[in-house]
Amino acid sequence: MLIKKPQDIPSSEITEQVIYLERRKFMTSSIGLTAAATLLSPQTSVAGYGGKTLKFTKDKIFDRKEELTSFDKISNYNNYYEFGTDKYSPAKNAQALTTDPWSIQIDGEVEKPGTLHLEDILKQNPLEERIYRLRCVERWSMVIPWVGFPLANLIKQAKPTSKAKYVQFETLERPSEMSGQKRNVLPWPYIEGLRMDEAMNPLTLIAVGLYGEVLPKQNGAPLRLVVPWKYGFKSIKSIVKITFTEKEPVSSWTKVAPNEYGFYSNVNPDVEHPRWSQRKERRIGDFLKRKTLSFNGYAEQVASLYTGMDLKKHF
Ligand code: MTE
């Protein structure tokens, strides 16, 4: 495995990968969702973070019926242009990133702007596990057991003003450690944005871990966004700034190719990317392709956010 755990965490505090995988296998087995839910009492797991302990609940049911993509695949096939444009470089190059200490600046239309330190964020926001599908715009997908907390919690703590209509996110810009930023493949820093109601939706997660472990650096450590009903590029990694705005943010990808990457970027098999169809996807590890689902399968939870909107126009 590529990720080394910090030396100073006793192994008793770390969820064993093997035990974890066994537990997962049990939970995703054919006994069915209801039976699994009955058998699973709320429980807490721990993993290390920078010499400190993370606790998270595992009692919520999110897509447990789908087979998980392996930890190895999730952490060795990445899109993280700050560490190279191919899928395999981030696993190697991202290890140069210093993720501790880490803080996030909160600014714009909020009553409580300021700097939040990661330790304080973790103290104030209880963590839980969420198994989500991630559908990349490039037509591959994975099923990932994230550990994190709803972005809505952080937003409520910042107390947005009535002028705050959107939330803009910014990734760290540190070319000395992020080798990919020495090339102008994207306008740096990487920027993404959500409409306020999308950001407040209970599905929208700030992830700090996956597979019961601290987030690997190539997956966006120490904290990243996960918006499961949108194409993967909306799920911005290694966030250092959150700005509340009146105007719709312009993302890095929209700046580069506005006809290919719209603001909403909801997973939509009916809207083609200008260079390819989005009807099908390949689950990493599978041979055959499968149909792409509207809103990546989360239509029931989020379709109402877009009632009355022409989703071909607002792609
Ligand atoms: N965030 C930053 N800062 N830089 C990136 O290049 N790539 C995006 C997104 N977040 C990217 C990013 C894309 S295109 C995808 S598909 C997902 O991260 C991939 O996340 P994963 O590597 O954890 O699977």
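Values below: every heavy atom of this structure, side chains too, minus hydrogens, waters and symmetry copies. If you're wondering where the values come from, they're calculated on a predicted model, not measured in any experiment. One is the number of the first residue; the rest follow in order along the sequence. When a ligand or atom number is given, it counts from 1 through the structure's own listing order.
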Write out each pair where an N or O from ligand 1 and one from the protein are under 3.5 Å apart, with the distance.
| residue | atom | partner | partner atom | Å |
| --- | --- | --- | --- | --- |
| ligand 1 | 1 (N) | Lys237 | N | 3.1 |
| ligand 1 | 3 (N) | Glu82 | OE2 | 2.9 |
| ligand 1 | 3 (N) | Thr171 | OG1 | 2.9 |
| ligand 1 | 4 (N) | Glu82 | OE1 | 2.8 |
| ligand 1 | 6 (O) | Tyr81 | N | 2.8 |
| ligand 1 | 7 (N) | Asn79 | O | 3.1 |
| ligand 1 | 10 (N) | Ser235 | O | 2.9 |
| ligand 1 | 20 (O) | Arg224 | NH2 | 3.2 |
| ligand 1 | 20 (O) | Lys237 | NZ | 3.4 |
| ligand 1 | 22 (O) | Asn78 | ND2 | 2.9 |
| ligand 1 | 22 (O) | Lys237 | NZ | 2.7 |
| ligand 1 | 23 (O) | Asn219 | ND2 | 2.9 |
| ligand 1 | 23 (O) | Arg224 | NH1 | 2.8 |

Is there a path of hydrophobic side-chain contacts, each under 4.5 Å between heavy atoms of I/L/V/M/F/W/Y residues, joining Trp102 to Phe149? yes
Report whether Tyr231 and Leu186 are members of the same hydrophobic cluster (ILVMFWY, side-chain heavy atoms less than 4.5 Å apart, transitive linking). yes
Just by modelled atom types, is the Glu246 backbone N or O under 3.5 Å from a matching donor or acceptor in the Glu109 side chain? no
Sidechain-backbone polar pair: Lys247 side chain, Lys165 backbone, donor-acceptor under 3.5 Å: no
Can I get a per-line list of side-chain donor-acceptor pairs under 3.5 Å for residues 138-147, giving both atom names and the distance, sequence neighbours left out?
| residue | atom | partner | partner atom | Å |
| --- | --- | --- | --- | --- |
| Glu138 | OE1 | Asn79 | ND2 | 3.0 |
| Glu138 | OE1 | Lys87 | NZ | 3.2 |
| Glu138 | OE1 | Trp140 | NE1 | 3.0 |
| Glu138 | OE2 | Lys87 | NZ | 3.3 |
| Ser141 | OG | Glu281 | OE2 | 2.8 |
| Ser141 | OG | Arg283 | NE | 3.0 |

Is the closest basic N to carboxylate O distance between Asp107 and Lys241 below 4.0 Å?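 Looking at Asp107 and Lys241, the cut-off is met.
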